2 protein chains.
Amino acid sequence: MDEGRTNLRWGIKRRLEFIEFRLFWEGHVNRSDIVNAFGVSIPQASTDLNRYLDIAPANMAYDKSAKAYVRGPDFSPRFLSPDADRYLAQLRSVSDGILDQGETWIGQLPGLGATPALVRSVNPKVLRAVIAAIRRGEALEILYQSMSQPEPRWRWIAPHAIGFDGFRWHARAHSEGDDTFKDFVLSRILETRAIRPATADGNADLDWIEDVVLEIAPHPGLSPSQQRTIALDYGMTEGKSKVRVRRALLYYALKRLGLDTAPDARRPQDQHIVLINRDEVDSLTHKREESV
Amino acid sequence: MDEGRTNLRWGIKRRLEFIEFRLFWEGHVNRSDIVNAFGVSIPQASTDLNRYLDIAPANMAYDKSAKAYVRGPDFSPRFLSPDADRYLAQLRSVSDGILDQGETWIGQLPGLGATPALVRSVNPKVLRAVIAAIRRGEALEILYQSMSQPEPRWRWIAPHAIGFDGFRWHARAHSEGDDTFKDFVLSRILETRAIRPATADGNADLDWIEDVVLEIAPHPGLSPSQQRTIALDYGMTEGKSKVRVRRALLYYALKRLGLDTAPDARRPQDQHIVLINRDEVDSLTHKREESV
DNA sequence: TGATTCGGTAAAGTTTCTATACCGTCACCG
DNA sequence: CGGTGACGGTATAGAAACTTTACCGAATCA
């Protein structure tokens with residue numbers, strides 16, 4: 001049933017996807033929408049709309065008084081599967097200033113609010129140098145402002161992965177000075193200099209490779225119905241859910257989930273969730289995992 | 001100096017941007033890269049590369065032994081400004097399963113790790129209904145699982161904005177039952193039903209419209225050099241930074257920044273930052289702002 | 001009523017793109 | 001050392017996409 005649709009040219013396929021995106025999310029689409037989004041001519045936009053009608057006649061109908069094509073009652077997408085998380089991720093990028101509205105396909109943005117991101121942005125050339133070192137398996141000399149030393153210092157690292165702790169981005173890297181694997185906060189890398197062949201293999205970074213499973217449950221101090229709501233929020237089945245996290249990120253994951261403080265630091269209705277297998281998890285946290 | 005570049009067709013411009021993206025981030029680009037990303041023919045990819053060379057001869061040169069075009073030493077982008085935050089946001093989306101690698105322009109993904117997102121995803125049709133109600137200024141009947149009641153219940157809301165608390169997405173809405181503005185967690189909306197004309201004006205939602213300014217500083221329990229590092233992380237000037245947040249999101253912002261607990265709930269080196277103007281902020285928090 | 005703004009169509013001409021064919025260079029490998 | 005494959009390039013013909021221009025109809029609104 002999908003014959004003919006795969007060998008459309010890339011640009012046309014994008015425009016048909018756009019038509020479908022607008023139909024799903026906004027319920028209507030116009031020639032001028034297509035003209036604005038892609039800079040094609042009006043007759044071309046007409047052609048696209050008719051091409052879409054050819055392919056999926058039930059998905060769209062022209063509404064004379066709305067002066068637009070509207071979504072049909074039996075709309076079923078052919079070019080994309082509507083994804084709320086993706087839509088919301090775009091909203092967030094717009095809110096964070098990462099994307100312009102024009103770069104999304106969202107026609108009319110709803111009012112938006114988000115908790116501020118707060119972190120300093122990463123220098124693109126620094127990021128590029130780190131990514132390149134990872135890709136080529138090289139060691140990289142960086143000017144790094146560490147927590148423990150007052151002045152930034154040049155040091156060699158051999159990065160093998162990129163990590164996100166919920167706030168900041170890290171290079172997961174072998175640190176030459178002390179022969180260990182650590183997290184280097186990307187925004188603390190002020191400059192990069194030389195490169196040389198790798199010094200260590202990322203596969204030796206067991207804290208990165210091995211996982212911990214966190215078992216999460218609603219806070220027992222909540223009423224049964226509150227617990228059920230929390231279970232719904234977190235998609236728990238049988239009152240708990242399991243989350244897999246790299247051991248190296250465990251410290252951050254607990255912090256981000258609010259599970260790093262004493263159980264009574266917050267009221268149950270603020271805390272929401274508890275860690276069931278804390279003993280097991282704690283036994284892995286003897287070594288404090290913090291970025292340098 | 002940018003003559004002729006604006007009236008290129010949309011698809012061609014995308015491909016030239018792609019060439020530039022790859023040059024900046026990976027340092028090289030190929031005919032086959034373009035063929036794989038856009039499904040064009042090999043001669044077309046040749047044409048594109050030569051067109052790019054025409055426009056920016058200094059940015060690219062063919063390296064015979066690498067069998068690819070490589071970034072020139074004086075590379076200066078013409079079609080996009082390299083943005084690390086955007087690159088990283090894409091990495092995160094890939095890590096969260098929101099994007100496929102093929103949908104990004106990143107050629108070779110670095111190893112990736114992130115703290116898990118953990119929240120249940122939002123139903124696209126529910127989101128669509130909420131967005132539509134916001135756009136059209138309508139009230140919407142929703143089946144909502146609240147914290148306070150054991151069973152989900154049908155209720156009317158008049159949403160006027162979408163909010164993100166760092167974990168979950170909300171509809172900011174006027175609640176008909178009690179004539180107040182509240183946050184409704186989108187994943188707790190199980191179904192939507194009727195719509196009717198708006199009942200309240202979003203402009204009356206003062207907690208949403210009015211802002212609070214949080215003044216953040218490094219934790220005083222840290223050593224001076226540690227404080228300086230934290231100041232760097234958060235882009236602070238003169239030892240502090242100000243963050244503006246909607247009053248309705250204040251509760252979540254404090255929680256997300258780890259500023260919702262007693263000052264001694266964490267060690268300084270775990271806490272990192274403190275809120276300087278807590279008194280001022282607390283005076284606004286007497287009304288506990290939590291989603292229903 | 002007339003202007004505007006949607007929608008549509010058609011024809012001619014330009015640009016883009018594919019398919020095909022053929023060539024050159026470099027690195028690798030038997 | 002020569003063959004092979006994977007890059008790069010070019011040229012041509014023909015198809016497809018797209019623009020420009022022109023003109024039409026229906027609905028809405030002042």
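Just so it is clear, the values below take in all heavy atoms, side chains as well, and ignore hydrogens, waters and symmetry mates. The sequence lines fix the lettering, A, B, ..., with proteins before strands; numbering per chain opens at 1. What you see is a predicted model, and the numbers here were worked out from it, not measured in a lab.
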Which protein N or O atoms sit under 3.5 Å from an N or O of nucleotides 26-30 of chain D?
{"unit_1": "D:dA27", "atom_1": "N3", "unit_2": "A:Lys67", "atom_2": "NZ", "d": "3.3"}

Could you go through nucleotides 21-24 of chain D and list every protein N or O atom that sits under 3.5 Å from one of its N or O atoms, giving the distance for each pair?
none

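Ion pairing of B:Arg246 with B:Asp211 is absent here, as no side-chain N (NZ or NE/NH1/NH2) approaches a carboxylate O to less than 4.0 Å.
Using cut-offs of 30° and 60° on the angle between ring planes, the pair B:His160 and B:Trp208 is perpendicular. Using the six-membered ring where Trp is involved, B:Phe79 and B:Tyr52 have ring planes that are tilted, between 30° and 60° apart.
Each of C:dT18, C:dG7, D:dA17 was ranked by its minimum atom distance to the side chain of A:Gln44; first place goes to D:dA17. Distances from the side chain of B:Ser41 to the nucleotides C:dT18, C:dT16, D:dC18 place C:dT18 closest. Comparing D:dT10, D:dT19, C:dT18 by their nearest atom to the side chain of B:Ser46 picks out D:dT10.
For the residue pair A:Ser65/A:Asp63, the side-chain donor-acceptor check at 3.5 Å is satisfied.
Here the side chain of B:Arg128 pairs a donor or acceptor atom with the backbone of A:Phe24 at under 3.5 angstrom. Under the 3.5 Å distance criterion, the side-chain polar atoms of A:Arg31 are left unmatched by any main-chain donor or acceptor of A:Ser46. Within the 3.5 Å criterion, the main-chain N or O of B:Ile98 finds no donor-acceptor partner in the side chain of B:Asp96. A donor-acceptor pair is defined here as one N or O able to donate and one able to accept, closer than 3.5 Å; such a pair exists between the side chain of A:Glu26 and the backbone of A:Gly107. For the pair A:Asp165 (side chain) and A:Arg168 (backbone), a donor-acceptor distance under 3.5 Å is present. Remark: the backbone N or O of A:Leu91 is not paired with any side-chain donor or acceptor of A:Ser95 at under 3.5 angstrom.
Note: CG (B:Asp63) to C1' (C:dT25) measures 13 Å, nearest angstrom. Atom CD1 in A:Ile12 sits about 12 Å away from atom C1' in D:dA15, given to the nearest Å.
For C:dG7, neither phosphate oxygen OP1 nor OP2 lies less than 4.0 angstrom from any side-chain nitrogen or oxygen of A:Asn50. In terms of phosphate contacts, B:Arg15 brings a side-chain nitrogen or oxygen within less than 4.0 Å of OP1 or OP2 of C:dC17.
Taken residue by residue, residues 29-38 of chain A places no heavy atom nearer than 4.0 Å to DNA chain D.
Of the residues near DNA chain D, A:Gly39 and B:Ala45, the one whose nearest nucleotide (by heavy atom distance) lies more toward the 5' end is B:Ala45.
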Yes or no on side chain to side chain contact (heavy atoms under 4.5 Å, CB included) for A:Leu249 and A:Phe164, after CA distance, side-chain angles and deciding distance?
-> CA-CA 8 Å; A:Leu249 293 170; A:Phe164 185 62; over 6 Å; no
